[in-house]
Protein chains: 2
Amino acid sequence: MPVRTASSKTRDLLIDVAAGEIHRHGYQGANLDRILNSASVTKGALYHYFGSKQALGYAVFDERIAKLIRDRWLSPVMMEGDPIGAMQGVLQVFHDTSDLDSVELGCPLNNLAQEMSPLDEGFRERIDALFEEWERGFAAALALGQSKGRVKRDIDPETTAMFIVSALEGCFGLAKSSRKMNVIRARLNAVSGYLESLRVKTKGR
Amino acid sequence: MPVRTASSKTRDLLIDVAAGEIHRHGYQGANLDRILNSASVTKGALYHYFGSKQALGYAVFDERIAKLIRDRWLSPVMMEGDPIGAMQGVLQVFHDTSDLDSVELGCPLNNLAQEMSPLDEGFRERIDALFEEWERGFAAALALGQSKGRVKRDIDPETTAMFIVSALEGCFGLAKSSRKMNVIRARLNAVSGYLESLRVKTKGR
DNA sequence: ACTGGCATACCAACCAGTATGTATGGACCG
DNA sequence: CGGTCCATACATACTGGTTGGTATGCCAGT
């Protein structure tokens with residue numbers, strides 16, 4: 001019988017390790033025994049907290065992947081008068097902190113989207129909702145930027161937000177296969193250049 | 001012992017059915033028995049032509065996926081003085097011929113890239129080479145378009161080609177999870193709008 | 001003494017791969 | 001021209017390892 005307590009050290013550890021395993025092997029390729037081994041936790045503990053592999057996967061999504069997107073990609077861009085600058089800042093953070101290994105594994109959200117959307121309705125709904133939240137947030141930020149005169153008036157915030165998120169995920173997705181840091185840098189620069197084209201140039205620069 | 005003949009009805013059928021299975025379930029999730037059943041072919045025949053599941057997967061990539069990218073996305077854009085128009089045409093073809101089912105399964109190349117790049121070096125090399133071929137082709141087409149005065153001079157063909165392919169794959173990747181045709185249309189329109197921004201407006205228009 | 005929080009042993013299904021058999025058609029020989 | 005041989009092209013049955021899931025037991029804290 002699943003437990004009601006929201007948090008537990010063991011439960012958190014399991015989700016962390018499972019997140020890593022899913023990030024590398026995908027959901028279908030994720031191996032429970034490998035997770036258990038790597039977390040030094042037994043199967044009894046796992047099934048004490050999660051009713052199934054699927055439940056564990058959903059928990060990884062709800063409590064890790066969604067949080068990652070919100071904390072690293074969405075929140076820094078909200079509540080800013082200068083969304084373009086904020087997005088550039090997020091890209092810069094990624095640029096500075098990413099190593100080849102993290103790039104090689106790609107975006108956990110995008111990975112799961114490609115793998116599980118056609119196979120599991122529960123995953124699909126979660127993924128769709130999170131992408132929508134992300135794009136809604138960017139659209140609102142762009143609209144705010146427009147009203148503050150920092151973002152060009154002639155773009156549609158919704159369409160542009162969709163395009164930005166798509167291009168971002170596309171860049172990370174392609175970067176996975178190249179395994180060359182300079183290629184990844186070049187892709188990010190391309191996004192950066194596009195973002196810059198949305199900005200209203202202030203005289204001072 | 002594998003066979004030497006380049007083509008065979010049974011072999012072709014197997015690759016076709018396997019391509020469909022991999023498209024839906026991913027490579028790891030693809031089930032040989034399901035492929036066999038759906039193709040009405042026995043396991044003996046499969047292992048007569050392919051030494052392993054991996055060999056079948058590579059064949060699907062080399063003989064179906066690579067061909068799809070070249071025929072549908074790359075070739076129509078090459079050898080044209082007007083690459084932007086050609087790309088818009090390709091998008092239009094996709095727009096007209098795609099149904100919800102095909103959109104839901106996404107781009108086979110992108111699917112495989114996200115799933116297999118970190119797991120199998122053979123797949124990774126193939127995927128990387130194909131993306132590079134695609135982007136090189138687009139870059140050449142853009143450069144040609146510049147020399148003919150149809151594409152803006154102030155863009156870098158290589159960077160722009162990378163960005164276009166990334167944005168395209170990103171759009172298809174995100175569209176998978178939405179399962180709403182109008183969302184997909186909107187994403188394609190966003191790409192379309194970006195492409196248009198690269199074009200040199202001719203007076204006649 | 002009872003509940004939460006595990007630990008251990010086990011199971012049954014699934015699935016890639018294999019061992020072995022067979023039919024068919026062409027090459028080669030007499 | 002007829003028979004033998006042999007490679008190709010499958011077909012069938014089976015296996016061994018993997019893997020998600022379960023049954024059961026134990027133990028510490030309240």
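This structure is a prediction, so every number in the text was calculated from the model and none was measured.
Counted by atom type alone, B:Tyr194 and B:Asn189 present zero donor-acceptor pairs between their side chains at under 3.5 Å. Side-chain polar atoms of A:Thr10 and A:Tyr49 form no donor-acceptor pair below 3.5 angstrom. For the residue pair B:Asp120 and B:Gln54, a side-chain donor N or O sits within less than 3.5 Å of a side-chain acceptor on the partner.
Taking atom OH of residue A:Tyr49 and atom P of nucleotide C:dC6, one finds them 4 Å apart after rounding to whole Å. Rounded to a whole Å, the CG atom of B:Leu46 is 15 Å from the P atom of D:dT12. For the pair A:Leu36 CG and C:dT8 P, the interatomic distance rounds to 11 Å; values are reported in whole Å. Taking atom CG of A:Asn37 as the reference point, atom C1' of C:dA7 lies 15 Å away to the nearest angstrom. Between the OH atom of B:Tyr27 and the C1' atom of C:dC15 there is a distance of 13 Å, rounded to whole Å.
Taking the centre and axis of the six-membered ring of A:Tyr47, the NZ or CZ atom of A:Lys53 falls outside the cone set by 45° and 6.0 Å.
Ring orientation note: the planes of A:Phe123 and A:Tyr58 are nearly perpendicular, at an angle over 60° on the 30°/60° scale.
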What is the per-nucleotide protein-contact pattern of nucleotides 15-30 of chain D, from the 5' end, where B denotes a base atom under 4.0 Å from a protein heavy atom, S denotes such proximity for sugar-phosphate atoms only, and - denotes neither? ----SBBB--------
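Of the possible polar contacts, none joining the B:Glu115 side chain to the A:Glu115 backbone as a donor-acceptor pair under 3.5 Å is found.
Residue A:His48 places at least one side-chain N or O closer than 4.0 Å to OP1 or OP2 of C:dG5.
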